Novice: 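The structure's right below; bear with me while I get my questions together.
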Amino acid sequence: MSRLPPGGLEGMVAGQTGLCTVGLDGVGLTYRGYAIEDLTSFSSFEEVSYLLLYGKLPTVSELADYHRRLAGGRSIPQRLKTVLEQLPSGSHPMDVLRTACSTLGCLEPEGSFANQAPCAERLLAVMPSALAYWHHFHQSGIRINEVTDASGTAEHLLLLLHGKPPTDLHRQAMDVSLMLYAEHEFNASTFTARVVASTLSDIHSAITAGIGALRGPLHGGANEAAMDLIDRFSDADEAEKSLLEMLARKEKVMGFGHRVYKENDPRSDIIKRWAKMLCDDCGLTNLIAISERIEQVMQREKRLFPNVDFYSASAYRCMGIATPMFTPLFVLSRIAGWSAHIFEQRADNRLIRPAANYIGPSPQAWLPIDQR
Ligand code: COA
C-alpha cells in the first residue's frame with residue numbers, strides 16, 4: 001500500500017502555478033509577483049483582474065479598453081432574467097449565482113477554448129448585475145436597470161445594490177475587498193475549478209463547480225458565519241464570555257485560522273484597517289469593539305488569528321450589505337482567480353485524477369436477491 005497523504009491533503013503540492021504565492025517565506029501573498037499590499041494600495045480590482053487574466057498589469061489604454069469591455073458586458077440576457085425571476089425568493093444568493101453561471105453556460109456557451117477570455121470577462125461583468133437583479137426582484141418586485149455607467153465593478157455593484165452612488169470610502173473599501181478576494185492559489189474552490197478544467201470541460205462548468213465549493217462555511221461561507229456570530233453579542237464582555245464557552249465545547253469560530261497561514265493572514269491586516277475606518281465613519285464602534293475582543297480571545301486561548309473573512313464581515317455590514325450577500329461578493333471577485341487558473345490548467349493540461357486507498361470489504365460472493 002502506498003503511503004497515505006495527510007488528511008485534507010494538507011501541505012501536499014498538487015500542481016504548479018505562476019499566479020499566486022500564499023505565505024511563501026520572505027514573499028508573502030503575491031499575485032503574479034506583485035505584493036498584495038502594493039496592489040491594494042495602488043491598484044484597482046480591474047487592474048488586478050486584468051493582471052490575473054492576462055499576465056501583466058495593463059497600460060493606460062489597455063485598462064481603458066478593459067473597462068469598456070466590462071461595462072459593455074453588464075446587461076443580463078432576457079432568458080437569464082426569466083430564470084432569476086423564477087428562482088424562489090428564499091434561495092441563498094450563492095445558489096442564485098451558481099444557477100446564473102450555469103444558465104449562462106447554456107445561453108452563451110464557450111464553444112471553443114479560444115473564447116475563454118471573453119467568457120471570463122463576461123462573467124466578471126454580468127454576475128454582479130445578476131445578483132442585484134435577483135435581489136431587487138424578490139425583495140421588492142422591481143426589475144432594475146442593471147446597466148450602469150459606473151467606472152468599475154465596486155461602484156457598479158454598490159450602485160445596483162443600494163440604488164444610489166456609493167461614497168468614495170465605500171467604493172474604495174469594496175474595491176480593496178474585491179482585490180483581496182480575487183485569488184489565493186490552490187484553495188478548495190480553485191482546485192475544484194482546476195479539476196473540472198482538467199477534464200477539458202467548459203469554463204462555465206468549472207466556475208459553477210467553484211461556486212459550489214466556495215459556499216461552505218469552512219471556505220468562503222466563513223464571512224457570513226462570522227457576521228452571524230458577532231451579531232449574537234451586544235457588547236465585548238458578552239462576546240468574551242460566550243466565546244470561552246464555545247471554545248470549551250470545542251466549537252469552531254468561523255473567520256479564524258487557515259490551512260496554509262500559521263501566524264497571520266496578511267489579507268486580514270488590510271481589511272481590518274478598512275473595517276475600522278468604515279465603522280468610525282458609520283458609527284458602528286461597538287461592532288469593532290466586539291470583533292477586536294473576539295480576536296484577542298482567539299489569540300490568547302487558541303493562538304489563532306483572524307483570516308480575511310472575519311473583518312470583511314464588519315466592513316460589509318458598514319457598507320449596508322445583507323449578510324447572505326457576503327459570500328456572493330467573494331464569488332464576484334474570485335471569478336478572476338478561477339478563470340486565470342482555468343487558463344493555466346488548460347495551457348499545460350493533464351487530467352487530475354488521484355488514487356485512493358481502498359478500505360472497504362474484502363471480495364465477497366454475490367448472492368441473488370432472495371438469498372441475502
Ligand atoms: N476555531 C476554533 N478552533 C479552530 C479553528 C477555529 N476557527 N480553526 C482551527 N481550530 C483548531 C481545530 O479545532 C483543531 O484543534 P484540535 O487539534 O484541538 O482538534 C486545530 O485547530 C486544527 O484545525 P483543523 O480544522 O484540523 O485545521 P485545518 O488546517 O483543517 O483548518 C480551516 C483550516 C480554515 C478549515 C480552519 O481553521 C477552520 O475551520 N476555520 C474556520 C473556518 C474559516 O474561517 N474558513 C475560512 C478560511 S479563509
Side-chain angles (χ1 to χ4, degrees), residues 4-14 20-24 28-29 31 36 40 94 176-193 210-233 239-272 275 290-317 323-324 326-331 333-334 337-338 341:
L4 274 177
L9 301 179
E10 179 171 3
M12 299 282 296
V13 172
C20 179
T21 59
V22 173
L24 195 63
L29 174 58
Y31 298 167
I36 193 67
T40 51
M94 282 298 279
V176 166
S177 170
L178 292 172
M179 287 188 261
L180 290 175
Y181 273 137
E183 163 56 11
H184 215 225
E185 199 224 42
F186 273 33
N187 56 82
S189 58
T190 299
F191 193 60
T192 301
I211 296 172
L214 189 71
R215 190 189 194 300
L218 294 187
H219 191 7
N223 54 16
E224 293 177 30
M227 193 74 254
D228 290 340
L229 176 76
I230 296 166
D231 274 340
R232 294 198 331 231
F233 312 125
E240 172 153 2
K241 182 170 171 293
S242 180
L243 212 67
L244 290 172
E245 289 164 3
M246 283 177 71
L247 294 178
R249 291 193 299 269
K250 298 218 166 296
E251 284 177 37
K252 274 198 166 172
V253 180
M254 298 307 171
F256 284 85
H258 196 268
R259 172 58 66 75
V260 180
Y261 300 125
K262 295 302 169 204
E263 303 283 327
N264 174 47
D265 178 341
R267 301 169 299 175
S268 173
D269 298 339
I270 298 169
I271 199 64
K272 181 177 175 181
I290 293 171
S291 304
E292 289 194 312
R293 183 70 71 82
I294 294 175
E295 180 181 355
Q296 286 158 15
V297 174
M298 290 302 283
Q299 183 56 244
R300 188 182 73 218
E301 301 294 323
K302 299 284 291 182
R303 305 205 62 72
L304 282 172
F305 52 87
N307 57 48
V308 64
D309 292 316
F310 188 66
Y311 283 102
S312 296
S314 307
Y316 288 166
R317 167 63 54 85
T323 307
F326 288 7
T327 319
L329 299 191
F330 192 157
V331 169
S333 155
R334 188 54 64 85
W338 289 330
H341 276 275

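Just so you know, these numbers come straight off a predicted model, no measurement behind them. Read the numbers this way: they start at 1 and go in the same order the structure lists the ligands and their atoms.
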Novice: Which of the numbered atoms in ligand 1 are under 4.0 angstrom from any heavy atom belonging to Glu251?
Specialist: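 Listed by number with element: 2 (C).
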Novice: For atom 45 (N) of ligand 1, find the nearest protein heavy atom and state the residue, atom name and distance (0.1 Å precision).
Specialist: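 Among all protein heavy atoms, the one nearest atom 45 (N) of ligand 1 is Leu218 O, 3.0 Å.
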Novice: For ligand 1, which atoms, with element, lie under 4.0 Å from some heavy atom of Ala222?
Specialist: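 What qualifies from ligand 1 is 43 (C), 44 (O), 45 (N), 46 (C).
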Novice: Return yes if a side-chain donor-acceptor contact under 3.5 Å exists between Tyr181 and Asn223, otherwise no.
Specialist: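 Short answer, yes.
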Novice: With a 3.5 Å distance limit and no angle check, can you tell me whether Thr21 reaches the backbone of Gly28 through a side-chain donor-acceptor pair?
Specialist: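 It does hold such a pair.
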Novice: What protein heavy atom sits nearest atom 4 (C) of ligand 1, and how far off is it?
Specialist: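 The protein heavy atom lying closest is Leu304 CD1, 3.4 Å.
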Novice: Are a donor atom and an acceptor atom from the side chains of Thr327 and Glu224 found within less than 3.5 Å of each other?
Specialist: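 Note: Thr327 and Glu224 side chains meet the donor-acceptor criterion.
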Novice: Specify the closest pair of heavy atoms between Ser189 and Gly210, including all atoms of both residues, with the distance to one decimal.
Specialist: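 The pair with the smallest heavy-atom distance is CB-O, 3.3 Å.
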Novice: Of all the heavy atoms in Met298, does at least one lie under 4.0 Å from an atom in ligand 1?
Specialist: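 Yes.
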Novice: In the protein, which heavy atom is nearest to atom 15 (O) of ligand 1, and how far is it?
Specialist: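 It is Lys302 NZ, 4.4 Å.
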Novice: Does the protein place a non-hydrogen atom closer than 4.0 angstrom to atom 38 (C) of ligand 1?
Specialist: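 Yes.
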Novice: Check for me whether Gly8 has a heavy atom closer than 4.0 Å to any atom of ligand 1.
Specialist: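 No, that is not the case, since the closest heavy atom of the residue is not under 4.0 Å from the ligand.
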Novice: Check if Pro217 has a non-hydrogen atom at a distance under 4.0 Å from any atom of ligand 1.
Specialist: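 So Pro217 counts as touching ligand 1.
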Novice: What about His184 and His219, are their ring centers closer than 6.0 Å?
Specialist: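 Here the rings of His219 and His184 have centres that are no less than 6.0 Å from each other.
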Novice: Distance to 0.1 Å, residue and atom name: give those for the protein heavy atom nearest to atom 30 (O) of ligand 1.
Specialist: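 For this ligand atom, the closest protein heavy atom is Arg259 NH2, 3.0 Å.
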Novice: Minimum heavy-atom separation for Ala226 to Ala313, with atom names?
Specialist: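 Of all heavy-atom pairs spanning Ala226 and Ala313, the closest is CB-CB, 4.4 Å.
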Novice: So which heavy atom in the protein is nearest atom 7 (N) of ligand 1, and how far is it from that ligand atom?
Specialist: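 For this ligand atom, the closest protein heavy atom is Val253 O, 2.7 Å.
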Novice: Return the orientation label for the Phe326 and Tyr316 ring planes: parallel under 30°, perpendicular over 60°, tilted otherwise.
Specialist: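 Geometry flag for Tyr316 against Phe326: perpendicular rings.
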Novice: Does the residue Asp309 have a heavy-atom contact with ligand 1, meaning some pair of atoms that are separated by less than 4.0 Å?
Specialist: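 Yes, Asp309 has a heavy atom closer than 4.0 Å to ligand 1.
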Novice: Identify the protein heavy atom lying closest to atom 24 (P) of ligand 1, giving its residue, its atom name and the separation to 0.1 Å.
Specialist: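 The protein heavy atom lying closest is Lys252 NZ, 4.0 Å.
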Novice: For the residue pair Glu183 / His341, report whether a side-chain donor-acceptor contact shorter than 3.5 Å exists.
Specialist: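 Short answer, yes.
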Novice: How about Phe310 and Phe256: are their ring centroids closer than 6.0 Å?
Specialist: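 Ring centres of Phe256 and Phe310 closer than 6.0 Å.
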Novice: Which residue and non-hydrogen atom of the protein lie closest to atom 48 (S) of ligand 1, and at what distance in Å?
Specialist: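 Heavy-atom neighbour on the protein nearest atom 48 (S) of ligand 1: His258 CD2, 3.6 Å.
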Novice: Can you list the atoms of ligand 1 that are under 4.0 Å from a heavy atom of Gly255?
Specialist: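 This gives 43 (C), 44 (O) as the contact atoms.
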Novice: Among all the protein's non-hydrogen atoms, which is closest to atom 47 (C) of ligand 1, and how far away is it?
Specialist: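 Here the closest protein heavy atom is Asn307 ND2, 3.5 Å.
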Novice: What do you think, any protein heavy atom under 4.0 angstrom from atom 19 (O) of ligand 1?
Specialist: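 False for atom 19 (O) of ligand 1.
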Novice: Quick check on atom 26 (O) of ligand 1 - does any protein heavy atom sit closer than 4.0 Å to it?
Specialist: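 Flag for atom 26 (O) of ligand 1 set to false, no protein heavy atom closer than 4.0 Å.
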Novice: With a 3.5 Å distance limit and no angle check, can you tell me whether Thr190 reaches the backbone of Phe186 through a side-chain donor-acceptor pair?
Specialist: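 Checking the backbone N and O of Phe186 against the side chain of Thr190, no donor-acceptor pair under 3.5 Å is found.
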Novice: Closest approach of Met254 and Pro217, non-hydrogen atoms and distance?
Specialist: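 Taking Met254 first and Pro217 second, the nearest heavy atoms are SD-O, 3.7 Å.
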